Amino acid sequence: MKVLGILGAHQADGVTAKLLQGVLKGAATAAETELINLNDYQLFPDHDNQPNPDLDVLEAKLLEADVWVLAAPTYLGSLSGVMKNFCDCFRNRIARFNAVGEAVPDRFKNKHYVTITDCYAGGVENYLTGVTDATFKTLDKFLTMGGLIKLREIVVTKTWGMTSLTPAKQAECERVGMQAAHKRERDDNTVKRYIQLFFMIAIMALLTMGIEAGIQQFVPLNNFWSYYGVFVIIFYVLLASILHFFTVVKHRRR
């Protein structure tokens, strides 16, 4: 079992690096770990008949590792340039592309990953506006294109002037690392999602029926179609609200 940390930050000893080191410290209790700094590599996109030795080295390390831990700060509401450059340069290797240009998971399929970011914005601001969402979404898009399975996100806010992690955040990083090191099974959580979907629908149906019962106290619903129509409208509003939450506010923000 090997856990590979990938640092995509301009500072080798900043908050982002400390978060990554915390995860690797936890993973080291049960797995081999390695940390690579993308600044140590000269990365450029693949071109015909042009050697790309540093990208070859990174590819070999990624193939060898079972879990990838990618850490990059959020700058101006988006992924840091160091990590973005890596994603751009590695895009033709993360997956196989078919005849119509669709990405097909290949050599990295079913590996696992953890993503880490931090930002100057405060916790409340990030929670309400999602400053770090774009960073996580970019990394998720890149990694899931290769068929990797997500384990966890870690975020730290209000990092201006911060020189060390809080004990709680350090403990969280180490705990995530230990969990990642024991993630031997390749499971995309499909069964878990079906169970969550079942309970979500069951709760929504219960809430819908409760709201409808309240409405009947003021507006009688005397036939099947009126009852059915109100049920569908209420259920739709609840479903839309939940889907909005999971598509817009789903990323870890505090």
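Bear in mind that the values here come from a model prediction, so they are computed numbers and not experimental data.
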Ring geometry between F44 and H47 (parallel below 30°, tilted from 30 to 60°, perpendicular above 60°):
parallel
Keeping T33 on the side-chain end and A28 on the backbone end, is there a donor-acceptor pair under 3.5 Å?
no
So, the side chain of K111 versus the backbone of A65: is there a donor-acceptor pair under 3.5 Å, distance only?
yes
Can you check whether C119's main-chain N or O pairs, donor with acceptor, with T159's side chain at less than 3.5 Å?
yes
Are R93 and D56 close enough that some pair of their side-chain heavy atoms sits under 4.5 Å apart?
yes
Are the side chain of N39 and the backbone N or O of A9 linked by a donor-acceptor pair below 3.5 Å?
yes
Do I211 and F235 have side chains that approach each other closer than 4.5 Å (heavy atoms only, starting at C-beta)?
no
Side-chain donor-acceptor contact under 3.5 Å, T132 with T117:
no
So, E172 and K169, do they make that salt bridge, N to O below 4.0 Å?
yes
Q170: partners by side-chain hydrogen bond (donor to acceptor under 3.5 Å, both in side chains), with sequence neighbours left out
E174
Could you tell me whether the side chain of V219 reaches within less than 4.5 Å of the side chain of V230, counting heavy atoms only?
no
From CG (L70) to CG (L20), nearest 0.5 Å
9.0 Å
Can you find a heavy atom in the side chain of L62 that is under 4.5 Å from one in the side chain of I6?
yes
Would you call the rings of F142 and F86 parallel, tilted or perpendicular if under 30° counts as parallel and over 60° as perpendicular?
perpendicular
Within residues 77-91 or reaching into it, pairs that qualify as salt bridge (Lys or Arg N to Asp or Glu O under 4.0 Å) - sequence neighbours excluded
K84-D88
pair H10-V82: side-chain heavy atoms closer than 4.5 Å
yes
